[in-house]
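Data first, discussion second: the structure below is written as structure tokens.
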Number of protein chains: 2
Amino acid sequence: MTEDGTLLGVAHTGVPPQVDRDDCGLREVLDRVGDRWSVLVLSLLEDGPRRYSDLRRAIDEISQRMLTLTLRGLQRDGLVTRTVTPSTPPSVHYALTGPGRTLSTEVGALLHWARQHRDYIEEHRMRYDGALATHRGPG
Amino acid sequence: MTEDGTLLGVAHTGVPPQVDRDDCGLREVLDRVGDRWSVLVLSLLEDGPRRYSDLRRAIDEISQRMLTLTLRGLQRDGLVTRTVTPSTPPSVHYALTGPGRTLSTEVGALLHWARQHRDYIEEHRMRYDGALATHRGPG
DNA sequence: CGGGATCCCCCGCGATACTG
DNA sequence: CAGTATCGCGGGGGATCCCG
């Protein structure tokens, strides 16, 4: 971010910033990162290539359907590569591409923020919910 | 991120990293940031406080229901403040808190990444889809 | 003006079963 | 081992109406 402090890159021209022109790619990235599993897979791949079943065991709450879908999506966007070793039984491993790696770095920063503000958010939620209960009465 | 390059903060102890212990706050932040409107609102507030109807016009594809829900969520987490000016008609404005500002900065970095890799992703998708069509035949 | 309540639809996701 | 195909649900989110 620059000194103008405008997240969406809209210069201070006097008009209130609109969202039309800033949509460029934002939603797509957030959809990618915002789904249930992508960042988890991305982060697991930071240590190096991993096999399909390896990822499956590492996450283990994930269904094989969602793991496949997630990997396909990441592969489609060029964030991971899929490499098949034709053997019996066949072996497939996935690895981050360059962009995949830089993305997971960005996401890592977000995770860092999450850690730092976890308690703050937690406490704020409790206070907010508590205040609500007060306003509306306990019953 | 430190030099170990592990997004989830799992040290290289020789065991494959699991996701159980790293869930700390990650999902919550991603749920917050991953929904359809939060980051947009966050980013619009970077320029300073805004009134409800002002935000509504700025986004304009958003329903008032979702704007309200989004603002409530951000407020609940202590990321924005809600200030009522009792007048006729009443006026309500929203502003970022400190944590809200740092979060939107992080999100801004993600947006920057999105801009830089937009074309890459776009092209990669087209190639991926094109290759799929080739494998399965034109229909 | 700034919302709350309600209805409804879509689809992300999980569970399960089958294949090369 | 590494997927694919099908079914079904839960809830996120839009549309609409109403209120102080």
Side-chain angles (χ1 to χ4, degrees), chain A residues 16 19 27-28 30-41 44-45 49-77 80-95 128-129 131-133 135-137, chain B residues 16 19 27-28 30-41 44-45 49-77 80-95 128 131-132 135-137:
Chain A
V19 293
R27 274 258 56 87
E28 273 161 279
L30 289 170
D31 284 350
R32 153 105 1 274
V33 154
D35 73 10
R36 202 131 206 88
W37 303 111
S38 287
V39 288
L40 236 39
V41 170
L44 284 174
L45 289 177
R50 288 249 203 165
R51 295 185 54 176
Y52 181 88
S53 50
D54 190 13
L55 289 169
R56 196 138 110 83
R57 272 188 301 272
I59 307 187
D60 101 302
E61 329 141 82
I62 200 175
S63 62
Q64 83 284 49
R65 171 193 149 85
M66 283 321 294
L67 180 55
T68 300
L69 251 47
T70 300
L71 288 168
R72 286 293 172 278
L74 293 171
Q75 184 192 356
R76 188 169 103 102
D77 289 355
V80 307
T81 59
R82 175 176 182 272
T83 309
V84 183
T85 303
S87 55
T88 45
S91 141
V92 179
H93 68 266
Y94 294 87
Y128 184 89
D129 294 345
L132 260 189
H135 292 332
R136 304 203 295 214
Chain B
V19 293
R27 275 258 57 88
E28 271 161 280
L30 289 170
D31 285 350
R32 151 101 6 270
V33 155
D35 73 9
R36 202 134 206 86
W37 304 111
S38 287
V39 288
L40 237 40
V41 171
L44 284 175
L45 289 178
R50 287 248 204 165
R51 294 186 54 176
Y52 181 89
S53 50
D54 190 13
L55 289 169
R56 197 139 110 83
R57 272 189 301 272
I59 306 187
D60 100 304
E61 329 142 83
I62 199 175
S63 61
Q64 85 285 46
R65 170 192 151 85
M66 284 320 294
L67 180 54
T68 299
L69 282 177
T70 301
L71 288 168
R72 285 294 172 277
L74 293 171
Q75 184 192 357
R76 188 170 103 102
D77 289 355
V80 306
T81 59
R82 176 176 182 271
T83 310
V84 183
T85 302
S87 55
T88 46
S91 142
V92 178
H93 68 266
Y94 294 87
Y128 184 91
L132 260 189
H135 292 330
R136 306 205 292 215

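Lettering follows sequence order; numbering is per chain, from 1. Values below: all heavy atoms of this structure, side chains included; hydrogens, waters and symmetry mates excluded.
Between A:Leu74 and A:Thr70 the shortest side-chain heavy-atom distance falls below 4.5 Å. Within the 4.5 Å cutoff, side-chain heavy atoms of B:Leu55 are placed close to those of B:Leu44.
D:dA5 atom P lies 16 Å from atom CE of A:Met66, rounded to whole Å. Between B:Asp35 atom CG and D:dG11 atom C1' the separation is 13 Å, expressed in whole Å. Note: CG (B:Leu67) to P (D:dG14) measures 11 Å, nearest angstrom. The CG-P distance, from A:Asp60 to C:dG14, rounds to 12 Å in whole Å. Separating the CG atom of B:Asp54 from the P atom of C:dC1 is a distance of 12 Å, rounded to the nearest angstrom. Remark: P of D:dG14 and CZ of B:Arg36 are 7 Å apart, rounded to the nearest angstrom. The distance between atom CG of A:Leu71 and atom P of D:dC1, rounded to the nearest whole Å, is 16 Å. Distance NE2 (B:His93) to C1' (C:dG3): 17 Å, rounded to an integer number of Å.
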Can you name the atoms? Protein N/O to nucleotides 17-20 of chain D N/O, anything below 3.5 Å, with the distance.
residue : atom : partner : partner atom : Å
D:dC17  : N4   : B:Gln64 : NE2          : 3.3

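When distances are taken from the side chain of A:Ser91 to each of C:dC13, D:dA2, C:dG3, the shortest belongs to D:dA2. Proximity note for A:Val92 (side chain, C-beta onward) versus D:dG3, D:dG13, C:dC13: the nearest is D:dG3. In the set D:dG3, D:dC1, C:dG2, the nucleotide with an atom closest to the side chain of A:Arg82 is D:dG3. Which of D:dG3, D:dG13, C:dC1 sits closest to the side chain of B:Arg51 comes down to C:dC1. In the set D:dG14, C:dG2, C:dG3, the nucleotide with an atom closest to the side chain of B:Arg72 is C:dG3. Of all nucleotides listed (C:dC13, D:dG13, D:dC1), D:dC1 comes nearest to the side chain of A:Ser53.
Under the 3.5 Å distance criterion, the side-chain polar atoms of B:Arg36 are left unmatched by any main-chain donor or acceptor of B:Met66. Side-chain atoms of A:Tyr52 come within 3.5 Å of backbone N or O of A:Gln64 as a donor-acceptor pair. Looking only at distances, a side-chain donor or acceptor of B:Arg32 sits under 3.5 Å from a matching main-chain atom of B:Gly73. A donor-acceptor pair under 3.5 Å is absent between the side-chain atoms of B:Ser38 and the main chain of B:Val33, judged by distance alone.
A residue-by-residue look at A:Leu69 and B:Tyr52 shows that B:Tyr52 has its nearest nucleotide of DNA chain C further toward the 5' end.
Across all strands shown, B:Arg65 has heavy atoms under 4.0 Å from base atoms, whether or not it also approaches the sugar-phosphate.
In plain terms, the two heavy atoms of A:Trp37 and A:Ile59 that are nearest each other are CZ3-CG2, 3.7 Å.
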